[in-house]
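Lettering follows sequence order; numbering is per chain, from 1.
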Amino acid sequence: MTSTTYTKDYFISKTFAAGVLLGVATIIPQPIDIQSTKHETVFFIEQSSRYGAIDMDGYKSTMTPFAFAAFKDFIGEDNFEIHPDDFDVFYPDDEV
Amino acid sequence: MPVTVVNFSPTTDFVDTVYVDTNLIINARNRASTTYKQAASLFGYLISQGTNLFISSLVIDEIWWSTLRILYRNFTGTDLNHYYLKRHPAIIGRYSPLIKKTTTKVLRLPNVQMVGYDPNNVGFINNTLDIFTSEQLAPRDSFHLGLTMACNIQGFATGDGDFDNLTLPGYDLTVYKY
């Protein structure tokens, strides 16, 4: 049976070596893969469509910061289908 | 011509006061709506121009009911009608957080004010009755228009085609369509 004793100096030396390796490593930029999972793809599409079709830069330049924040927070927050009869009025007493 | 119908475009100049119909609010909130872009853009231009926006308890009532129907359909796959709701009132509790959130955000919109009327104001009721009978609108739409006129609001923003052919003799109104 063998045993290994890890000393404080051992951890310091390994940490230093890892730091050196990270420092000299060549970092190659990678494109962000937004298709990596179905969930992420849906997320990005939804975020894009919330503001993507709207001229947000134009509104930002013509509204006060408060108004723009409220507008941005308001539009497109929900993502539900709307049917024309959703606006039919509810008359609570028309059940006879 | 007292009533002018304007199809909204980025070059539209709005009058100073505009009553906001429920469909504009709901469609601007929902990006899956087929008219989301138009409704949100119209809202954006109204706010950008500093237009005073008016809603009423009728609008809030319709927001609650339409939101309830929309949420129920999207989460259960079936349509909600008021007969079913009356037998299953717990449905309201299930969706109340989302309805409260929508209501809060509507009331926080810039330049939004509530308008109302005195329920004992016989003159208001008679004027709305005139609108109902002469313009042949639905009762609720007549009240939306009656409030608009009673508060001397000069614009009406809606996607509802029922407001396309108003006459309203003696009253200047611009109907903004999206």
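- Rounding to the nearest 0.5 angstrom, the gap separating the CG atom in A:D78 from the OG1 atom in B:T67 is 8.0 Å.
- B:I25 and B:I99 fall within a single hydrophobic cluster, where Ile, Leu, Val, Met, Phe, Trp and Tyr side chains are chained together by heavy-atom contacts under 4.5 Å.
- Linking ILVMFWY side-chain heavy atoms closer than 4.5 Å, directly or via other members, places B:F132 and B:F156 in two distinct hydrophobic clusters.
- For the options B:P110, B:A39, B:G159, B:G44, heavy-atom pairs under 4.5 Å to chain A are most numerous at B:G44.
- Of the atoms belonging to B:N23, heavy atoms from both backbone and side chain fall under 4.5 Å from chain A.
- The heavy-atom pair separating B:S48 from A:Y59 by the smallest distance is OG-CD2, 3.5 Å.
- Residues A:D86 and B:I26 have side chains not in contact (no heavy-atom distance under 4.5 Å, counting atoms from C-beta outward).
- Within a 6.0 Å radius of CG in B:D130, more than 12 heavy atoms belonging to other residues, nucleotides or ligands are found.
- To the nearest 0.5 Å, the span separating OG on B:S33 from NE2 on A:H83 amounts to 10.5 Å.
- More than 12 heavy atoms of other residues, nucleotides or ligands shown are found within 6.0 angstrom of NZ on B:K101.
- Hydrophobic clustering, with ILVMFWY side chains joined whenever heavy atoms are under 4.5 angstrom apart, groups B:V5 together with B:Y176.
- Between A:F80 and B:R29, the closest side-chain pair of non-hydrogen atoms is not below 4.5 Å.
- Of the listed residues (A:E81, A:M56, A:E77), the one with the most heavy-atom contacts under 4.5 Å to chain B is A:E77.
- At a 4.5 Å heavy-atom cutoff, B:I63 makes no contact with chain A through either its backbone or its side chain.
- With values rounded to the nearest 0.5 angstrom, B:N81 atom CG is found 11.5 Å from A:D88 atom CG.
- Among A:G58, A:G76, A:P84, the residue with the largest count of heavy-atom pairs under 4.5 Å with chain B is A:G76.
- Around CH2 of B:W64, the count of heavy atoms belonging to other residues, nucleotides or ligands within 6.0 Å does not exceed 12.
- The NZ atom of B:K105 sits 11.5 Å away from atom CD1 of A:I75, with the distance rounded to the nearest 0.5 Å.
- Looking at B:L68, neither its backbone nor its side chain comes within 4.5 Å of chain A, counting heavy atoms on both sides.
- No side-chain donor-acceptor contact under 3.5 Å links B:Y36 to the backbone of A:N79.
- The number of heavy atoms from other shown groups lying within 6.0 Å of NZ (B:K177) is above 12.
- With a 4.5 Å cut-off on non-hydrogen atoms, B:F75 touches chain A through its side chain but not through its backbone.
- Under the 4.5 Å side-chain heavy-atom criterion for Ile, Leu, Val, Met, Phe, Trp and Tyr, B:L129 and B:L147 are members of distinct hydrophobic clusters.
- Most heavy-atom pairs under 4.5 Å with chain B, from the set A:F74, A:F68, A:F87: that is A:F74.
- We find that A:D73 and B:R108 are not joined by a salt bridge, their nearest charged nitrogen and carboxylate oxygen being 4.0 Å or further apart.
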